Amino acid sequence: MGVTFAVAFLLRAAWAFGVAEPLQYSHPYQYLAHSLWLAERPDAWSVVVNYDNWRVHYDRWTAAPLYYLFLLGIFRLLGPSVFWVRLIQCALGGMAAVSTARVGARISGSRGRWAGIAFALHLPLIQICATTLTEALYVPLMMLAFDLLLRTPSRANALRAGLTQGLAALTRSVSSAFFAVIAFWLLAKEGVRRGAPRVALLALGGMVTILPWSARNYFVMGEPVLIETFAWENLWYANALVGPGVKEAQRRDIASQKTTAEQRDRAVELTWQNLSRRPDRIPEKIWINIRHLIRPEGLQQWLTVRSDESMGRQALQVLLEDTMYLLAWAGLALFLFKKRWNRASTLTLLWLAYSLLMVVVLFHNEVRYRNQIAPFLFVTAIGGWFGPGGVRGGAGRAFLGRALAALIVFIALAPYPARALAVVRANADARDLAVTEPGPGVDEHTFWTERFQFLADAGHLADAADVFERLGGRAPVPMLVIAPRLLALLGPEHEAAARAAWVRSAAFEWTLDETRLQAIGWRRRPDAIRPDQIQLGSFDLGLISDFGPPLPRDLPESEKGAVLANEPTSRWTRGRSRLRLCAPSSGAATLTLRMAAPPPSPQTPTTAWIRFDGREVGTAAVEREPQDYRFPVVAGACPSVVEIRSAVWSTSDPPAELGVQVFFAGIKVQ
């Protein structure tokens with residue numbers, strides 16, 4: 001078990017601190033920002049007890065509290081740094097791998113311990129430890145609860161399992177209903193006489209952890225709810241089997257109710273109304289959820305979404321996400337037709353049945369929900385592929401298991417051969433200028449992206465601009481991130497298009513994910529873009545990596561990223577950020593960086609370490625006010641890469657893990 005923990009912990013730490021991706025998308029920032037806001041308040045615990053604004057999603061729906069409190073405790077004890085959150089979550093991930101191995105061993109003997117290694121290697125379970133999402137805490141708690149339940153049938157373990165399962169429910173409230181499933185399992189396996197005391201202790205443990213929060217909801221907030229109200233909105237959202245206009249009208253109807261109790265009642269009423277009016281859409285919804293749940297996400301991103309990830313990352317996704325995930329589903333199918341099931345098998349299958357009921361039938365599923373299902377898939381898959389009972393189960397049962405496994409894999413992979421062929425054809429046609437339009441069976445997104453890239457790399461900038469302006473709002477994201485700077489090179493006649501493209505790409509950075517957009521631009525920068533100076537936050541995609549989104553930020557959505565005449569734009573570094581500059585000739589040169597360290601930097605001056613083409617060229621004591629910091633360098637091949645390193649800080653308002661603010665970068669040959 002020590003090896004399992006070490007492998008899991010080290011892989012997670014390597015990803016969290018080696019790859020060191022900033023937080024992506026809105027949900028992680030929502031948890032982080034609210035927890036930091038609490039940590040910054042002297043009356044944090046009073047706010048937790050007496051108010052709900054610190055755990056509100058979408059302006060009205062409250063979420064389960066424990067993950068917020070988990071982050072709050074870390075920030076209060078160790079300071080407002082995401083470093084400690086990630087380190088602790090990596091350790092929790094290692095513990096969850098050990099619990100998974102133990103559960104697997106109780107199902108399949110010594111071979112079952114390999115489920116813990118599968119847990120350790122699965123890429124999404126590695127990545128979740130580097131972000132601030134509830135699954136980073138929920139999955140370890142859930143696996144520990146299972147581990148305790150399946151140990152020796154002592155009453156002490158039942159109490160401990162109840163306490164742990166209660167904490168899991170306070171992290172994601174959907175698991176609170178699983179207490180009833182566990183109670184049924186105990187009574188069915190042990191009988192009323194032996195099982196009832198353990199059920200009582202299990203319930204006592206759950207009540208000790210959950211009921212204090214329920215009492216707070218009722219007596220302080222006037223809310224007669226066990227944990228949170230958010231699930232009611234999810235129930236309606238997942239079953240709004242109506243058109244988008246009607247759905248939006250229903251959302252406004254729910255939100256317009258005066259109290260949250262009335263909102264809950266209205267959400268349930270509209271849910272039943274939608275289901276009763278369109279029962280014919282229920283099977284379609286279930287089928288869509290099934291296909292979404294088992295689809296290989298790496299292939300989906302690569303061949304369908306065309307997210308433009310690096311080849312290395314795509315290979316990791318296919319190997320350590322898709323392959324393992326599909327093998328786990330196939331292993332579950334084999335396991336279902338094994339003759340020998342023990343008590344651990346039954347509980348695990350009950351949990352999977354409950355989870356599938358939630359995310360396939362009653363609600364909906366997102367990719368992140370797989371993290372709480374995957375560990376149980378792994379423990380059953382090891383039993384299906386390698387556990388006892390296959391031959392003794394009979395040829396007929398074995399055939400049915402293999403047939404179901406093959407069907408699952410076929411459904412998951414069926415769309416992708418044709419999509420792969422469409423992408424291959426698009427890449428070939430994009431480089432053939434005699435082909436002017438994507439034909440049948442050609443991926444349009446790939447065709448136009450690669451045509452634009454091909455023209456830009458070949459120096460046909462005007463032709464590339466014509467492609468971009470022709471597509472307009474249909475321009476794919478990889479094209480969008482490098483178009484603004486390229487259009488700006490073409491002179492005043494393309495100025496309006498360049499500015500419109502920049503405003504749109506900058507808005508994407510704030511609402512989508514600046515890290516991914518910058519990475520796309522960094523890989524796809526055409527050689528024609530050779531700047532000797534950069535105004536950070538303005539026409540800089542393709543020239544920067546690992547910076548924050550463009551500032552100023554307090555602009556209307558349609559104007560984010562626009563250059564203001566009286567307020568220069570800027571970006572914050574993420575602790576280790578890079579930018580590209582091209583000197584007009586080689587030789588001795590001066591690198592100029594205009595930087596500042598205003599709040600949230602808690603101290604001044606802030607030290608920044610500067611590297612140029614891999615060599616350290618000096619440090620800067622960055623003050624609060626913007627200043628020019630100059631460093632002697634030797635300019636060589638174009639582009640040269642400037643790296644800025646500094647300590648990082650997080651506060652509740654700006655994005656997380658900020659270092660120093662950079663306004664301008666330039667290089668001048670002496």
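Everything numeric in this text was worked out from a predicted model, so none of it was measured.
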Within a reach of under 6.0 Å around [atom1] of [X], are more than 12 heavy atoms found that belong to other residues, nucleotides or ligands?
| X | atom1 | answer |
| --- | --- | --- |
| Met358 | CE | yes |
| Trp15 | CH2 | yes |
| Trp448 | CH2 | yes |
| Arg111 | CZ | no |

> Cation-pi between Arg451 and Phe454: NZ/CZ under 6.0 Å from ring centre and within 45° of the ring axis?
Replying inline: no
> Is the charged tip of Arg580 near the ring of Trp522: under 6.0 Å from the six-membered ring centre and within 45° of its axis?
Replying inline: yes
salt_bridge([X], [Y]) N-O dist < 4.0 Å:
| X | Y | value |
| --- | --- | --- |
| Arg524 | Glu450 | yes |
| Arg86 | Glu657 | yes |
| Asp429 | Arg431 | no |
| Asp147 | Arg102 | yes |
| Arg281 | Glu284 | no |

With rounding to the nearest 0.5 Å, note down the distance linking [atom1] in [X] to [atom2] in [Y].
| X | Y | atom1 | atom2 | result |
| --- | --- | --- | --- | --- |
| Leu356 | Asn289 | CG | CG | 10.5 Å |
| Met143 | Leu141 | CE | CG | 11.5 Å |
| Leu320 | Gln127 | CG | CD | 9.5 Å |
| Leu303 | Leu421 | CG | CG | 11.0 Å |
| Leu461 | Asp466 | CG | CG | 11.0 Å |

> Between Arg12 and Ala8, is there a donor-acceptor pair closer than 3.5 Å when you use the side chain of the first and the backbone of the second?
Replying inline: yes
> For the ring pair Tyr354 and Phe178, is the centre-to-centre distance below 6.0 Å?
Replying inline: yes
>> Are Phe376 and Phe146, when compared by the centres of their aromatic rings, separated by less than 6.0 Å?
In response: yes
> Shortest non-hydrogen contact from Met479 to Ala475?
Replying inline: SD-CB, 4.0 Å
> Looking at Leu377, Asn342, Val379, which one forms a side-chain contact (heavy atoms from CB on, under 4.5 Å) with Thr348?
Replying inline: Val379
> With a 3.5 Å cut-off and no angle check, do the side chains of Asn274 and Gln250 form a donor-acceptor pair?
Replying inline: yes
>> According to side chain to side chain contact (heavy atoms under 4.5 Å, CB included), who are the partners of His292, at least two apart in sequence or on a separate chain?
In response: Arg295, Asn365, Val367
>> Suppose we screen for ring pair (Phe, Tyr, Trp, His ring centres under 6.0 Å). Which residues come up paired with Tyr67, at least two apart in sequence or across chains?
In response: Tyr31, Phe70
Under 3.5 Å, which donor-acceptor pairs do the side chains of residues 323-335 form with other protein atoms, sequence neighbours left out?
unit_1 : atom_1 : unit_2 : atom_2 : d
Thr323 : OG1    : Val318 : O      : 2.7
Tyr325 : OH     : Leu293 : O      : 2.7
Tyr325 : OH     : Trp329 : NE1    : 3.3

